[in-house]
Amino acid sequence: MQPGDAERDGSLDEAAAVFTALRPRLFGIAYRMLGSAAEAEDVVQDVWLKWQATDRDAVENPTAFLTTATTRLAINVTQSARVRREGYVGPWLPEPVDTRSDPALGAERGEAVEIAVLLLLERLTPTERAAYVLREAFDYPYREIAGVLDLSEANSRQLVSRARKHIAAGRREQVGTAEHRRLLEAFVAAARAGDMAGLEKLLATDVVNYGDGGGAVRNAAKVPVLGSAKVARFITAFAPRFWIDTEVVWVEANGQTAALVIHAGTPMALLSITASERGIDQLMWVLNPAKLTGFSSLAAGPAEPSA
């Protein structure tokens, strides 16, 4: 060992300890910004490399430094991801994550993690999205948000306010947890039975059905299906093929109960819903195999198999 090696090793160990403690928050920010666990992991890894290469003695506030680096890099990735998603085959849905172990994904509050909310965040500008995530999920003061985004505090408040209005405009008041699960279970039972009348009774008249197959799954519709009658017919039409030799287990995806459809020990689909007093407003089927890898371990030994 050369002179100074021990000091450098100690410094790197300290840097790793600081980063590891903040890692859940950094991942939580990046995931909410990007709607992709894989892309969020890449962002966090890039920030770690940046942290290693930084003159850390000159960093007065490591938390602020790492949060800023993560947010700004996520904004850049968001801009390039938007271009890539323009060529995505069929509807794009966020990659679901298993939130049983970390319901809030490192946040102060579990906000902006539901699949439907992440989908709405896609409509915001990257800067609006960042401001909303930092404020609503991580409870950052506006002054700190301004520092992260290199804006005035007044502009930060305006960004958050606009984002809140956009999210509220695209979302009805949701039913409680128990009713949400009841509707989901009833829908799955009716879908498996091919009960078109039963399906229509559960759906809001203006329900939207999204199927994200990423071009890899034939059952995924290339465009959203709209309206209770059309959605019920669509679900009933592919029921005889879709449900053969499958089992359904109830999992927690993005803070809500979801239905994981398993075939031959492999996740085939994950279904999430939004529901209001009008019934089920949105059906979100993640069918793209690349987005279901996070639930592979649950397919081997589900905790709650369906009846």
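FYI, the numbering just counts along the sequence from 1.
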Does the His263 side chain pair with the main chain of Asp245, one donor and one acceptor, at a distance under 3.5 Å? yes
Side chain of Trp51, backbone of Ala15: donor and acceptor closer than 3.5 Å? yes
Any side-chain heavy atom of Thr246 within less than 4.5 Å of one from Arg192? yes
Considering only NZ, NE, NH1 and NH2 on the basic side and carboxylate oxygens on the acidic side, decide whether Glu185 and Arg182 come within less than 4.0 Å. no
Relative to each other, are the rings of Phe242 and Trp285 parallel, tilted or perpendicular (30° and 60° limits)? perpendicular
State, with a plain yes or no, whether a side-chain heavy atom of Pro126 is found less than 4.5 Å away from one of Val77. no
Would you check if Glu95 and Val286 make a side-chain contact, meaning some heavy-atom pair closer than 4.5 Å? no
Val251 vs Arg100, side-chain contact (heavy atoms from CB on, under 4.5 Å): CA-CA, chis, key distance, verdict: CA-CA 8 Å; Val251 298; Arg100 291 177 307 166; over 6 Å; no
Within the side chain of Thr20, is there an N or O that forms a donor-acceptor pair under 3.5 Å with the backbone of Ala17? no
Under the criterion side-chain contact (heavy atoms from CB on, under 4.5 Å), which of Arg157, Arg164, Gln158, Arg162 is the partner of Val160? Arg164
Check whether any side-chain N or O of Arg129 sits under 3.5 Å from a backbone N or O of Met33 as a donor-acceptor pair, and report yes or no. yes
How close do Pro91 and Gly211 get, heavy atom to heavy atom, and via which atoms? CD-O, 3.5 Å
Are more than 12 heavy atoms from other residues, nucleotides or ligands located less than 6.0 Å from atom CZ of Arg123? no
Single-linkage hydrophobic cluster Trp48~Val43, side-chain heavy atoms < 4.5 angstrom: yes
Are Leu73 and Val47 packed together at the side-chain level, in the sense that at least one heavy-atom pair is separated by less than 4.5 angstrom? yes
Would you call the rings of Tyr31 and Phe27 parallel, tilted or perpendicular, taking 30° and 60° as the class edges? parallel
Check for me, please, whether Met196 and Val207 land in the same ILVMFWY cluster - side-chain distances under 4.5 Å, paths through other members count. no
For the CD atom of Glu144 and the CG atom of Leu149, what is their distance to the nearest 0.5 Å? 12.0 Å
Counting heavy atoms not belonging to His180, are there more than 12 under 6.0 Å from its NE2? yes
Could you tell me the separation between the NZ atom of Lys50 and the CD atom of Gln45, rounded to the nearest 0.5 Å? 14.5 Å
Assess whether side-chain contact (heavy atoms from CB on, under 4.5 Å) is satisfied between Leu271 and Leu283, documenting all intermediate values. CA-CA 7 Å; Leu271 170 63; Leu283 294 158; 4.1 Å; yes
Which atoms form the tightest heavy-atom contact between Ala107 and Phe138, and what is the distance? CA-CE2, 3.4 Å
Using the rule given for salt bridge (Lys or Arg N to Asp or Glu O under 4.0 Å), can you reason through Lys230 versus Glu200, listing the C-alpha separation, both sets of side-chain angles and the distance that settles it, and then say yes or no? CA-CA 9 Å; Lys230 289 183 179 179; Glu200 282 199 66; over 6 Å; no
Regarding Arg172 and Asp206, does a basic nitrogen lie under 4.0 Å from an acidic carboxylate oxygen? yes
Closest non-hydrogen contact found for Ala131 with Ile145 is O-CD1, 4.0 Å
Exam field: side chain Glu128 to backbone Ala163, donor-acceptor pair closer than 3.5 Å: no
Student check: side-chain heavy atoms of Leu119 and Pro94 closer than 4.5 Å: yes
Residue pair Arg181, Trp250: steps toward the side-chain contact (heavy atoms from CB on, under 4.5 Å) verdict: CA-CA 9 Å; Arg181 174 153 181 163; Trp250 309 112; 3.1 Å; yes
Report the distance from atom CD of Glu114 to atom OG1 of Thr99, rounding to the nearest 0.5 Å. 10.0 Å
Expected output: side-chain Asp281 to main-chain Ser276 donor-acceptor under 3.5 Å: yes
Set of side chain to side chain contact (heavy atoms under 4.5 Å, CB included) partners for Ala112, sequence neighbours left out: Arg32, Val117, Leu121, Tyr132
Rounded to the nearest 0.5 Å, the CG atom of Asp150 sits from the CZ atom of Arg72 at a distance of 5.5 Å
Taking atom CD1 of Ile262 and atom CG of Leu298, what is their separation to the nearest 0.5 Å? 7.5 Å
Membership question, hydrophobic clusters at under 4.5 Å side-chain separation (ILVMFWY): are Val89 and Met268 in the same one? no
Donor-acceptor pair, side chain of Thr70 and main chain of Leu26, under 3.5 angstrom: no
Stepwise side-chain contact (heavy atoms from CB on, under 4.5 Å) check, Thr63 with Arg25: CA-CA 10 Å; Thr63 299; Arg25 182 190 301 188; 3.3 Å; yes
I need the minimum non-hydrogen distance between Leu199 and Ala191, along with the two atoms involved. CD2-N, 3.7 Å
Check whether any side-chain heavy atom of Val261 sits under 4.5 Å from a side-chain heavy atom of Trp243, and report yes or no. yes
Could you state the interatomic distance from CD1 (Ile29) to CG (Leu105), rounded to the nearest 0.5 Å? 11.5 Å
Considering all heavy atoms of both residues, which atom of Ala253 and which atom of Pro96 are nearest to each other, and what is their separation? CB-CB, 4.4 Å
Side-chain H-bond candidate by donor/acceptor type, Tyr88 with Asn288, under 3.5 Å: yes
Note, Ile273 side chain near Phe187 side chain (heavy atom, < 4.5 Å): no
Is the backbone N or O of Val113 less than 3.5 Å from a side-chain atom of Asn254, with the two atoms forming a donor-acceptor pair by type? yes
Any side-chain to backbone donor/acceptor pair from Asp212 onto Leu93? Under 3.5 Å, distance only. yes
So which atom in Glu111 and which in Glu136 form the shortest heavy-atom distance, rounded to 0.1 Å? CG-O, 3.3 Å
Do Val248 and Leu260 touch side chain to side chain, with heavy atoms closer than 4.5 Å? no
With distance as the sole test, does Arg135 use its side chain to make a donor-acceptor pair with the main-chain N or O of Tyr140 at under 3.5 Å? yes
Distance-only side-chain donor-acceptor flag, Ser11 / Arg56, under 3.5 Å: yes
